[in-house]
Amino acid sequence: MFGPDKCGEDYKLHFIFRHKNPIIGDYDEKHAKRPEVDLKKFFTDKKTHLYTLILKPDNTYEILLDQIVVSQGSLLEDVIPPLNPPKEIDDPKDKKPIEWDERPKIPDPHAVKPEDWNEGGAAKIEDVDAVKPEGWLDDEPPLVPDPEAQKPKDWNDDMDGEWEAPLVSNPKCETAPGCGEWTPPLIDNPNYKGPWKPPMIENPDYQGIWKPHKIPNPHYFEDLNPFRMTSFSAVGLELWSMTSDIYFDNFIICTEKEVADRWASDSWGLKKLVASANEPGMINQLLSAAEERPWLWVLYILTAALPVGLLVLFCWPRKKIEEEEDADFSMSDFLEPDDTEVALQKVMKKGDLEGPEDNKKTSLDKGNVDENEEDDEEEDFSQEDEDTGVADDQSSDDEMKEADEGVDGGDHLKQSLRKRRVRKD
């Protein structure tokens with residue numbers, strides 16, 4: 001017998017074989033050990049699965065589930081009950097002697113009950129300090145006949161006796177502390193000692209647990225090749241199920257594993273590929289799981305919101321501390337109007353001086369007239385620069401006193417421009 005079995009929440013994969021006792025001719029069922037893997041997912045995933053049993057001539061076996069080994073062992077050692085019976089058994093005729101003493105401890109025979117031993121009366125006594133609660137209804141019974149009950153029409157007083165209405169809880173007792181005769185509650189008796197017992201001591205005559213003698217097993221045999229089982233020529237299905245939509249097909253029994261593997265790839269392998277292709281996508285699986293377990297929606301929302309929150313936290317543009325106008329400086333912020341014009345002229349002149357060599361050669365070919373004009377312009381600019389520099393020095397003394405540290409950078413720029421003019425002069 002081989003195949004899956006589900007009983008309640010117990011999931012099994014059976015491998016049971018009947019073994020014949022050659023001495024007496026009886027058959028015993030041998031059960032292989034249970035697989036150590038969790039089989040529940042194979043019973044609940046609603047997918048097609050392939051169960052395979054391999055018996056080898058070396059008396060070993062393998063159980064495969066979807067072509068994966070889930071259990072293996074030996075027919076000689078890993079079955080219950082053991083394949084071969086024990087060589088010795090308990091003698092069925094042997095009986096325990098009457099004087100056999102199995103008691104490890106006994107009451108002390110020399111112990112004497114103390115004369116002042118007082119058992120203290122009952123184990124429970126009434127609480128003398130208890131007081132009846134106010135509003136207790138002594139005259140009201142806790143149970144009263146049901147006023148709405150009616151005698152059945154088929155009631156026969158001669159056969160059934162006098163009819164009595166069933167008892168129900170007294171509605172008056174619902175608002176009261178209690179009904180009926182009040183009695184004090186019982187408490188543990190502090191003086192109770194109980195009946196006296198002698199202390200226990202080691203038994204000097206202790207002989208241990210008795211066991212019958214062993215005798216040779218008259219039905220002993222040793223089968224070293226259980227692989228050679230009784231032949232069979234039919235296959236049967238043992239079905240008892242409370243679950244619908246269970247199908248079986250493609251049974252094969254052969255002597256070559258390669259044949260079974262090829263058969264499995266042509267049948268179960270194709271089914272698995274088709275089932276995998278028709279499986280819903282990840283999103284549909286998540287939605288289906290959420291329909292069965294609504295609490296998963298909370299997990300989905302948190303999982304989706306976490307990366308969005310981190311993205312906003314780390315990638316959102318920060319506030320600009322300073323405006324772009326404060327960070328960008330122009331030459332006009334540090335120079336007076338006259339200085340600006342002079343600086344522009346010098347920049348243009350410097351660009352002319354640093355131009356390509358072809359431009360320089362062309363400028364030299366123009367003649368002495370152009371050179372004289374450039375010299376005159378340079379002298380005019382030099383004279384203007386000197387006059388302007390003196391005026392700027394005098395006018396900027398008062399402004400530098402009121403300027404902040406940021407304006408000092410502008411003064412350095414002005415000084416660098418003046419140094420350039422001085423070097424040029």
Original post:
So, the side chain of Asp91 versus the backbone of Lys93: is there a donor-acceptor pair under 3.5 Å, distance only?
Top reply: yes
Original post:
Does a salt bridge link Lys6 with Asp10, judged by any charged N lying under 4.0 Å from a carboxylate O?
Top reply: no
Original post:
Got a salt bridge between Lys124 and Asp188, using NZ or NE/NH1/NH2 to carboxylate O under 4.0 Å?
Top reply: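 Looking at Asp188 together with Lys124, the answer is yes, because their closest N to O distance falls below 4.0 Å.
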Identify every side-chain donor-acceptor pair in residues 196-206 under 3.5 Å, counting partners at least two apart or on other chains, and give the distances.
| from | atom 1 | to | atom 2 | distance (Å) |
| --- | --- | --- | --- | --- |
| Asn203 | OD1 | Asp205 | N | 3.0 |
| Asn203 | ND2 | Asp101 | OD1 | 3.3 |
| Asn203 | ND2 | Asp101 | OD2 | 2.8 |
| Asn203 | ND2 | Arg103 | O | 2.7 |

Original post:
Between Trp297 and Tyr300, how do the two ring planes meet: parallel, tilted or perpendicular, split at 30° and 60°?
Top reply: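 Perpendicular.
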Original post:
Taking atom CG of Asn84 and atom CG of Asn217, what is their separation to the nearest 0.5 Å?
Top reply: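 With rounding to 0.5 Å, CG (Asn84) is 11.0 Å from CG (Asn217).
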Counting only heavy atoms from other residues, nucleotides and ligands, does the tally under 6.0 Å from [atom1] of [X] exceed 12?
| X | atom1 | result |
| --- | --- | --- |
| Lys272 | NZ | no |
| Trp136 | CH2 | yes |
| Asp139 | CG | no |
| Glu77 | CD | no |

Subject >> Partner residues of Phe221 under the ring-ring contact (aromatic ring centres under 6.0 Å, His included) criterion, sequence neighbours left out >> reply: His19
Subject >> Centroid separation Tyr11 to Phe43 less than 6.0 Å >> reply: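 Yes: the rings meet the under 6.0 Å criterion.
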Original post:
Is it the case that Tyr27 and Glu29 place a side-chain donor and acceptor less than 3.5 Å from each other?
Top reply: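 The answer is no; no qualifying pair exists.
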Subject >> Working for side chain to side chain contact (heavy atoms under 4.5 Å, CB included), residues Leu39 and Arg34 >> reply: CA-CA 10 Å; Leu39 300 175; Arg34 300 185 61 168; over 6 Å; no
